[in-house]
Amino acid sequence: MIRPADCLVLGAGPAGTEAALAAAEAGLDVVLIDEQADAGGQGWRAPLSGLTMPRKGADAEAGDGLRARLAASGVDRRLGRRVWSVGGAFRLDAVGPDGAEAYEAPRLVAATGAHERVVPFPGWTLPGVIGLAGATVLLKAQAVLPGRRVVVAGAGPLLFAVAAGIIAKGGEVAAIVDMDGRLAWARRLPGLARRLDLLKEGLGWTWSILGARVPFLAGHGVRCAAGRSEVEAVIVGPVDADGAPIAGPERRFACDALAVGHGLVPGGEVPKILRAAHLYDRLRGGFIPELDPYGRTTIENLYACGDGTGIRGARPSAVAGRLAGLAAAHDAGRLDATAFTALAEPTLQALADYRPFADTVAGAMALKPAQVAAITPATVVCRCEDVSRAEIDAAVDAGAGDINQMKHFTRCGMGPCQGRMCGDVAAELVAQRRGVTRETVGYWTQRVPLRPVPFDTMIGSFDYADIPIPPPAPL
């Protein structure tokens, strides 16, 4: 059975949920689909079902409020569904609790969020090494510490959020290792101060870290993670403003976990597979779809919003989601020009108010080319297929001119994550080796399945006799 609707929204984070609410409020029959069991996305994630845990902080309040509004709305919530196929004009195939499901609508809003970036270093594949975003999920949704004694390393504000979360739950932070120096953060203060509410939240993290007397190493990066069968220690050393290792004393921190991350990458699989136009924006995290101010892509009736269209954060994403939902309702004829303008103009202004803060935070998480250039030849870049930096370089030297040719040569990006974890860094390596731009190198050609799913859920149930056999060709 196919569930028809006026509008499908894929992704129930802040952007997708607000898009669904705005479109439903205008009278559209909206289906909201997400793999998670509840709405909220990564930033406003709900605790696991049945888990009782203290709920405090701005993100918890925002997420709980969003879920309450969604529950009271007319949006058809199809949560706990893994979408594996997206077709034109527009069909989504998913695996749900009872097997295969399908949805169709003339309008589709893609709000698929972002995934984290970890620039590889020796030992990053050891058990006990986890991404900052992954650590956030453990802390927020499962009340689980990533380890008893954790080194928190990388770049951007997630460093401090994760460290503060570990401290709040009784864990020990062995050290915070920030690639940016103190001067870099001082220069960002004017942009951060444009949103005093969000700056206050960050200062709260800093206060708890100071109270715990956590060693803080500014202008340092991870040299390697050490251990036999799991991480046992992390060696760190100084880096320059561009992220390249420089001479200086190294320090070793004993630990049983390393939470590390170097920013976020837009998860724009849906606009890519439907062949919407994209552009490369290093500040926004990579390749992003070309959009008008309301979230319309270059494909008619396909909209995109949230961090999948460029890294901005949960609150700006929620505002952008509302714009996309309003645009879908207007294009469907449910909002006339006057009503659309009245609703959209203050929303556009709200999004503009977030821009200085969002740009500042995105700049802190932008990929540092010098850090990528410093990856050693033997370091694994693609964990799924065990492809090293040396193998990527050899593929380029053998004639691989873009990211997809390199993929064919090496199998880099062909594992279960489908290149989400390695794609941004692998493309940067190809571009640097060839001496060309990231636009020249391109991005992975997106194909189905979008996510790994059991094969039997795609083919359904049938007997051999049900297979149509064409008549034999004439002799």
Side-chain angles (χ1 to χ4, degrees), residues 115-131 134 153-154 179 221-231 234-235 237 239 242-245 258 260-267 269 272 280 282 285-287 367-447 449 451-452:
H115 48 269
E116 61 187 334
R117 178 199 300 119
V118 177
V119 177
F121 50 85
W124 79 297
T125 58
L126 280 171
V129 178
I130 186 174
M179 296 192 71
V222 174
R223 293 281 197 265
C224 68
R228 291 184 179 88
S229 59
E230 60 188 28
V231 64
V234 175
I235 292 87
V239 298
D242 297 319
L258 166 62
V260 60
H262 305 104
L264 302 171
V265 179
E269 295 94 343
K272 287 175 181 173
Y280 183 76
R282 189 173 293 273
F287 277 97
L367 182 65
K368 299 177 184 294
Q371 183 189 9
V372 176
I375 297 172
T376 58
T379 298
V380 170
V381 175
C382 173
R383 294 186 297 183
C384 297
E385 296 294 326
D386 200 30
V387 179
S388 69
R389 192 260 170 84
E391 291 173 284
I392 293 174
D393 288 347
V396 175
D397 294 344
D402 61 34
I403 186 71
N404 286 294
Q405 285 182 318
M406 185 274 290
K407 177 180 181 179
H408 296 159
F409 282 30
T410 65
R411 292 190 59 83
C412 179
M414 294 181 71
C417 88
Q418 297 179 305
R420 290 178 180 85
M421 295 304 298
C422 66
D424 190 44
V425 171
E428 186 72 23
L429 286 170
V430 174
Q432 290 184 10
R433 191 74 173 181
R434 287 195 59 205
V436 298
T437 65
R438 284 290 298 274
E439 288 86 352
T440 301
V441 169
Y443 50 84
W444 305 127
T445 298
Q446 193 68 53
R447 297 181 175 91
R451 294 288 191 277

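Below, each value reflects all heavy atoms present in this structure, side chains not excepted, and no hydrogens, waters or symmetry copies.
With sequence neighbours left out, Lys407 forms a salt bridge (Lys or Arg N to Asp or Glu O under 4.0 Å) with no residue at all. When the side chain to side chain contact (heavy atoms under 4.5 Å, CB included) test is applied to Arg433, the partners found at least two apart in sequence or on another chain are Asp393, Val396, Asp397. Take Phe409 and apply the ring-ring contact (aromatic ring centres under 6.0 Å, His included) test, not counting sequence neighbours, and it matches no residue. A search for side chain to side chain contact (heavy atoms under 4.5 Å, CB included) contacts involving Glu439 returns Tyr280, Thr437, not counting sequence neighbours. Residues passing the salt bridge (Lys or Arg N to Asp or Glu O under 4.0 Å) test with Arg411, sequence neighbours excluded: Glu385. Judged as a side chain to side chain contact (heavy atoms under 4.5 Å, CB included), and not counting sequence neighbours, the contacts of Val372 are Val119, Leu367, Ile375, Val425, Glu428, Leu429, Gln432.
To the nearest 0.5 Å, the span separating CE on Met179 from CG on Asp242 amounts to 9.5 Å. Leu264 contributes atom CG, which lies 9.0 Å from atom NE2 of His115 (distance to the nearest 0.5 angstrom). From Trp444, atom CH2 reaches atom CD1 of Ile403 across 3.5 Å, with rounding to the nearest 0.5 Å. The CZ atom of Arg447 lies 10.5 Å from the CD atom of Gln418; values are rounded to the nearest 0.5 Å. Within the model, atoms SG of Cys417 and CZ of Arg383 stand 7.5 Å from one another, a figure rounded to the nearest 0.5 Å. With values rounded to the nearest 0.5 angstrom, Thr125 atom OG1 is found 8.0 Å from Asp386 atom CG.
For the pair Lys272 and Phe287, the cation-pi test (distance below 6.0 Å, angle within 45°) is failed.
Residues Lys368 and Val239 are not in side-chain contact: their nearest non-hydrogen atoms beyond the backbone lie 4.5 Å or more apart. Between His262 and Val118 the shortest side-chain heavy-atom distance falls below 4.5 Å. The closest side-chain heavy-atom distance from Val129 to Leu258 is below 4.5 Å.
Heavy atoms only, all atoms of each residue included: Arg438 and Asp424 are closest at NH2-OD1, 2.8 Å.
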